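All remarks here apply to the structure that follows.
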Protein chains: 2
Amino acid sequence: MFNSNICLIFAFQTPSNMSIDKKEHIMNVAMELFAEKGFEGTSIRELANRADVNIAMINYYFGSKEKLFEALLENKARFMREKIEAIHNDKSLSEIEKINLIIEGYVTRFLSQPGLHRVLQQELLVSQRVTLHQNVINLFVKNTEDVVAIIEKGIRKKVFKKVDPQLLFASVIGTINQIMVSRTMCNMLMEKEKDFNPYADPQLKKRLLNHIKQMVQDHLLTHTELQKTK
Amino acid sequence: MFNSNICLIFAFQTPSNMSIDKKEHIMNVAMELFAEKGFEGTSIRELANRADVNIAMINYYFGSKEKLFEALLENKARFMREKIEAIHNDKSLSEIEKINLIIEGYVTRFLSQPGLHRVLQQELLVSQRVTLHQNVINLFVKNTEDVVAIIEKGIRKKVFKKVDPQLLFASVIGTINQIMVSRTMCNMLMEKEKDFNPYADPQLKKRLLNHIKQMVQDHLLTHTELQKTK
DNA sequence: TTGAATTAAACAAACGTTTAATTTAATTTT
DNA sequence: AAAATTAAATTAAACGTTTGTTTAATTCAA
């Protein structure tokens with residue numbers, strides 16, 4: 001009751017852009033909730049409540065819960081595409097430099113947006129909303145193709161040894177995913193207190209970057225004879 | 001966790017296997033559905049329908065939808081624990097052999113149970129059902145601790161170079177996860193037809209095993225000087 | 001005065017769960 | 001061995017909530 005009054009006062013003070021801000025605001029809260037509870041686990045009512053708007057406003061702005069979800073991903077998820085394309089086409093960079101830049105890009109982006117990462121991962125995992133599911137896949141496959149092309153060029157140039165490019169990229173992304181999948185788990189593995197936010201910790205970022213780069217480089221540049229297991 | 005299972009087994013001492021088979025059957029169908037649509041995305045009615053049992057039977061057997069889910073994980077998710085413990089304590093194995101055996105164990109187990117993997121991953125990603133969520137985490141953390149101990153022993157013995165044990169294990173699991181997260185995506189990456197089942201393909205298994213083992217071994221046994229990026 | 005923004009209330013549909021009645025199977029009594 | 005008794009398994013129907021969405025009235029800014 002009090003809140004709505006306060007809101008009305010602020011509505012007077014901020015003139016026309018209120019509606020755009022409100023849309024933005026709803027999307028931010030939605031990202032938070034979807035990341036926490038998943039798409040089906042989040043109710044419009046809870047979202048409206050947390051965002052402090054009327055239930056009807058969500059359908060008024062976005063049409064439906066699912067369209068809100070689509071708008072969310074459309075708005076936030078294209079992020080790595082242009083970056084990777086740019087790196088791929090930059091002729092001043094060596095292959096190993098490109099790989100390192102891509103690793104840095106992913107680590108930076110995912111660590112700074114844990115919620116988005118969580119939502120994307122959920123959408124990959126669950127195949128309920130078919131076209132959205134497919135969109136996320138396509139985005140990822142395109143990125144993989146670029147990275148694979150870079151690695152294959154390095155192999156042809158004989159600066160890399162023969163590796164499995166698709167699976168190597170899967171290892172890079174998979175490592176980050178494994179860290180992002182659960183904050184609690186991450187803290188336990190990294191021996192931090194329970195309510196620490198590891199994703200904002202520059203030390204974790206450094207550690208993660210270092211591990212991935214070193215592992216990828218060791219794998220790309222050297223060859224050890226595989227041990228046999230009987 | 002154990003108690004509930006034991007209790008249920010003793011509760012129906014009826015030798016009539018029909019009921020136990022039916023329970024088994026419901027759990028299998030539930031795994032299928034949860035893997036496809038997630039926990040909240042699956043309705044009791046749809047589950048009952050697909051399993052060809054009355055809706056009430058699910059609550060009759062399991063008490064609730066959530067308890068069914070718990071029973072499911074309790075029944076199927078303990079798998080790697082004993083195996084890793086056994087490998088960890090086996091004194092006839094070298095460190096690198098242990099690591100390879102663990103990699104083989106995970107790959108084999110996950111590839112043979114894609115649904116279970118999917119459900120576990122979802123439960124890590126979503127923190128709705130708190131204790132269940134924590135159980136999955138604990139299971140995973142315990143496994144990590146064993147693997148970390150093995151790697152650290154290898155480092156002390158100077159058969160491994162100094163690496164980040166936690167993150168290396170994250171890379172192993174993460175690579176497998178990345179393959180398991182979406183069948184469609186996996187097929188696109190591996191250039192298979194759309195309705196191919198990659199997880200049953202021995203060639204993919206071989207390829208995955210080979211990549212992970214080789215990458216881990218390169219990383220553990222050799223050292224390359226890290227390139228600087230400005 | 002007009003069109004957009006916002007609201008409370010109502011909507012039907014779907015949800016997980018419970019009930020109460022009935023069928024089936026096993027055990028006990030005759 | 002047949003009948004009676006008891007308990008478990010199964011069912012259809014209903015329960016009260018909650019879901020996403022819509023409506024129709026009201027407030028707001030221009």
Side-chain angles (χ1 to χ4, degrees), chain A residues 1-27 29-31 33-34 36-72 126 128-130 132, chain B residues 7-27 29-30 33-34 36-72 126 128-129 132:
Chain A
M1 291 301 153
F2 285 101
N3 292 343
S4 59
N5 272 335
I6 290 166
C7 260
L8 287 176
I9 292 163
F10 282 138
F12 265 105
Q13 287 169 348
T14 39
S16 63
N17 52 358
M18 185 58 190
S19 68
I20 295 168
D21 281 355
K22 214 166 205 171
K23 243 185 120 166
E24 218 16 69
H25 176 60
I26 292 175
M27 286 172 88
V29 178
M31 180 73 89
L33 270 172
F34 287 153
E36 239 177 73
K37 319 197 157 197
F39 179 78
E40 343 279 343
T42 303
S43 79
I44 295 273
R45 275 171 183 82
E46 189 177 7
L47 169 55
N49 199 45
R50 173 117 52 129
D52 214 2
V53 299
N54 190 278
I55 321 167
M57 292 310 292
I58 285 144
N59 282 330
Y60 178 73
Y61 278 132
F62 299 95
S64 73
K65 184 187 175 189
E66 187 154 346
K67 279 187 190 153
L68 157 64
F69 194 38
E70 283 173 30
L72 205 65
V126 173
Q128 286 267 67
R129 297 158 290 287
V130 189
L132 197 53
Chain B
C7 274
L8 285 174
I9 289 164
F10 284 133
F12 313 115
Q13 57 230 58
T14 60
S16 158
N17 48 4
M18 184 56 194
S19 67
I20 294 168
D21 281 355
K22 213 165 205 169
K23 247 186 113 169
E24 236 348 88
H25 175 61
I26 291 175
M27 288 172 87
V29 177
L33 270 172
F34 288 152
E36 241 177 73
K37 320 198 156 193
F39 179 77
E40 344 279 342
T42 302
S43 79
I44 295 272
R45 277 172 180 80
E46 188 178 8
L47 168 54
N49 200 47
R50 174 115 53 126
D52 214 3
V53 299
N54 190 279
I55 320 167
M57 290 312 291
I58 286 145
N59 281 330
Y60 178 72
Y61 279 131
F62 300 95
S64 71
K65 186 187 174 188
E66 187 154 346
K67 279 187 190 152
L68 158 63
F69 194 38
E70 282 174 30
L72 205 64
V126 175
Q128 287 267 69
R129 296 158 291 285
L132 197 53

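Proteins get letters first, then strands, A, B, ... in listed order; numbering begins at 1 in each. We use all heavy atoms of the structure for the numbers below, so side chains are in, but hydrogens, waters and symmetry mates are not. Since this is a predicted model, take the numbers as computed values, not measurements.
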What nitrogen or oxygen pairs link the protein and nucleotides 16-19 of chain C at under 3.5 Å?
residue	atom	partner	partner atom	Å
dG16(C)	OP1	Thr42(B)	O	3.2
dG16(C)	OP1	Lys65(B)	NZ	2.8
dG16(C)	OP2	Ile44(B)	N	2.8
dG16(C)	N7	Arg45(B)	NH1	2.7
dG16(C)	O6	Arg45(B)	NH2	2.7
dT17(C)	OP2	Asn59(B)	OD1	3.3
dT17(C)	OP2	Lys65(B)	N	2.8

May I have the distance from Phe62(A) (atom CZ) to dT21(D) (atom C1'), rounded to whole angstrom?
16 Å
Taking CG from Asp52(A) and C1' from dT7(C), how many angstroms apart are they, rounded to a whole number?
13 Å
Rounded to the nearest 0.5 Å, the CE atom of Met31(A) sits from the OG1 atom of Thr42(A) at a distance of 12.0 Å
Whole-Å distance between dG20(D) P and Gln128(A) CD?
13 Å
dT26(D) C1' sits how many Å from Met57(A) CE, rounded?
14 Å
With a distance cut-off below 6.0 Å to the six-membered ring centre and an angular limit of 45° from the axis, does Arg129(B) pair with Phe69(B) as a cation-pi contact?
no
Rounded to whole Å, how long is the line connecting atom CD1 of Ile58(B) with atom C1' of dT11(D)?
13 Å
To the nearest 0.5 Å, tell me how far Leu132(B) CG sits from Lys67(B) NZ.
13.0 Å
Using whole Å, what does the distance between atom C1' of nucleotide dT21(D) and atom CG of Leu47(A) come to?
14 Å
Nearest whole Å is fine: how far is dC15(C) C1' from Asn49(B) CG?
15 Å
Could you check whether atom NZ of Lys65(B) has more than 12 heavy atoms from other residues, nucleotides or ligands sitting under 6.0 Å from it?
yes
Just jot down the ring-ring contact (aromatic ring centres under 6.0 Å, His included) partners of Phe62(A), sequence neighbours excluded, or say none.
none
With the side chain counted from C-beta on, respond yes when Val53(B) and Val29(B) share a heavy-atom pair under 4.5 Å apart, and no when they do not.
no
All stems with DNA chain C, defined as three or more consecutive Watson-Crick or G-U pairs under 3.5 Å:
C:1-30 with D:1-30
Measuring only between side-chain heavy atoms, which start at C-beta, is Glu66(A) closer than 4.5 Å to Phe39(A)?
yes
Separation of Lys23(B) atom NZ from dA8(D) atom P, in whole Å?
14 Å
What distance separates Met27(A) CE from Leu72(A) CG, expressed to the nearest 0.5 Å?
5.0 Å
Can you find a heavy atom in the side chain of Leu47(A) that is under 4.5 Å from one in the side chain of Leu68(A)?
yes
